Amino acid sequence: MVYRLGLIGYPIEHSLSPWIHESFMNQVRVNGSYRRIEISPDTNFQDEISMLKQENLNGFNITVPYKQKILPFLDQVDPGAADIGAVNTVCVKDGEWIGYNTDGMGYLRSLVEEYPEIIKQDKVHVLLLGAGGACRGIYHAFVNAGFTNVDIANRTIEKAEEIALLQGGGTVTEVFTLEEATRLTGRYDLIIQTSSVGMKPETDTSIIPLNQIKKGAIVSDIVYQPIKTAFLQQADDLGAKLHYGHTMLLYQAQYSFEIWTGKRVPIGEMDRELKTILEG
Ligand code: ATR
């Protein structure tokens with residue numbers, strides 16, 4: 001079988017997904033192609049989707065700004081993606097478009113790969129900073145993985161409260177302002193920065209100042225440009241264990257590729273290779 005895969009979004013000319021998926025195909029000897037299908041926001045999305053349906057793709061990724069806009073065009077939505085309210089992966093099966101969201105699980109896989117102990121400990125206290133789409137996916141993955149304490153802090157507290165509604169029976173969630181969270185960082189075993197704050201060119205900014213952390217805490221940032229954000233630099237200065245954002249990109253792609261082909265490709269050296277690409 002020859003897989004016809006791709007990515008829709010805008011702008012996507014610098015997307016690293018083609019590099020990642022072509023590398024996966026080479027590693028497990030899957031034949032196929034993965035191409036960028038840029039859809040400008042100035043065009044009629046419905047018309048573009050109708051044209052895409054004619055292309056007989058086997059699957060595709062969806063990125064900004066279409067992760068929610070794609071929903072009405074799907075034949076089925078995976079329950080997890082339905083809860084999250086956004087889709088980043090479509091698998092085409094018998095002509096039907098089935099939507100999934102691999103962002104949150106991809107994040108969790110990347111974390112567990114580096115820090116396997118996190119999943120084995122009882123009562124890991126987690127703080128998510130920011131309450132956009134990425135936070136929603138990550139929160140959902142943590143709740144489903146059985147984490148018992150997952151708090152959310154955001155500039156606009158209502159958005160954090162809305163995400164906390166996704167909570168399953170076994171998870172307790174407290175919601176904070178960023179000011180409150182700044183005073184509480186010492187409580188947490190894992191702090192995850194899920195907003196775009198600190199991304200190039202605003203590399204000097206950080207969502208909250210990190211003044212104190214618990215001994216042995218992991219601090220993570222989903223921003224990967226730069227690889228080491230100002231937030232991670234502060235965490236490093238305080239002696240935290242660090243978790244870098246580019247690994248989420250690799251593992252969400254690993255999970256998408258698995259949905260399309262049934263093959264889980266080991267990330268191995270790709271972590272280091274992607275870091276080198278991003279560092280220019
Ligand atoms: P999405 O991930 O859905 O695309 P986004 O617009 O990138 O969302 O926003 C992600 C998060 O970054 C939001 O929680 C946003 O805070 P608000 O809910 O208050 O808008 C947060 N965010 C963006 N810029 C910020 C800043 N300068 N300071 C603090 N939080 C910020």
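Everything numeric here is computed off the predicted structure, so don't read it as measured data. Atoms within a ligand are numbered from 1 in the order they appear, just like the ligands themselves. Computed from heavy atoms alone, side chains included, the values below leave out hydrogens, waters and symmetry copies.
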Item to complete: Check whether any protein heavy atom sits under 4.0 Å from atom 6 (O) of ligand 1.
Response: no

Discussion item. Under 4.0 Å from atom 24 (N) of ligand 1, can you find at least one protein heavy atom?
Written reply: yes

Among all protein heavy atoms in this structure, tell me which lies nearest to [atom], with the distance rounded to 0.1 Å.
| atom | result |
| --- | --- |
| atom 21 (C) of ligand 1 | Ser195 CB, 3.8 Å |
| atom 16 (O) of ligand 1 | Asn154 OD1, 3.4 Å |
| atom 26 (C) of ligand 1 | Arg155 NH1, 3.2 Å |
| atom 2 (O) of ligand 1 | Gly133 N, 3.0 Å |
| atom 8 (O) of ligand 1 | Gly132 CA, 3.7 Å |
| atom 17 (P) of ligand 1 | Thr156 OG1, 3.4 Å |

Worksheet item: Any chance the rings of Phe45 and Phe73 have centres within less than 6.0 Å?
Response: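 Judged by ring-centre distance (under 6.0 Å), Phe45 and Phe73 do meet the cut-off.
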
Please answer whether the main-chain N or O of [Y] pairs with a side-chain N or O of [X] as donor and acceptor at a distance below 3.5 Å.
| X | Y | result |
| --- | --- | --- |
| Asn154 | Ala131 | yes |
| Tyr115 | Leu242 | yes |
| Thr203 | Lys200 | no |

Under 4.0 Å from any heavy atom of [X], which atoms of ligand 1 are there?
| X | value |
| --- | --- |
| Lys159 | 17 (P), 18 (O), 20 (O) |
| Gly130 | 14 (O) |
| Ala131 | 13 (C), 14 (O) |

Discussion item. Would you say Ser206 and Gln234 are linked by a side-chain donor-acceptor pair, where the criterion is simply a distance under 3.5 Å?
Written reply: yes

Worksheet item: If we ignore angles and hydrogens, is there a donor and acceptor under 3.5 Å between the side chains of Tyr107 and Thr194?
Response: no

Discussion item. Looking at Lys93 and Glu96, is there a salt bridge between them, counting it only when a charged N and a carboxylate O are closer than 4.0 Å?
Written reply: no

Discussion item. Other residues, nucleotides and ligands only: do more than 12 of their heavy atoms fall within 6.0 Å of NZ on Lys53?
Written reply: yes

Worksheet item: Does an N or O anywhere in Val197 fall below 3.5 Å from an N or O of ligand 1?
Response: no

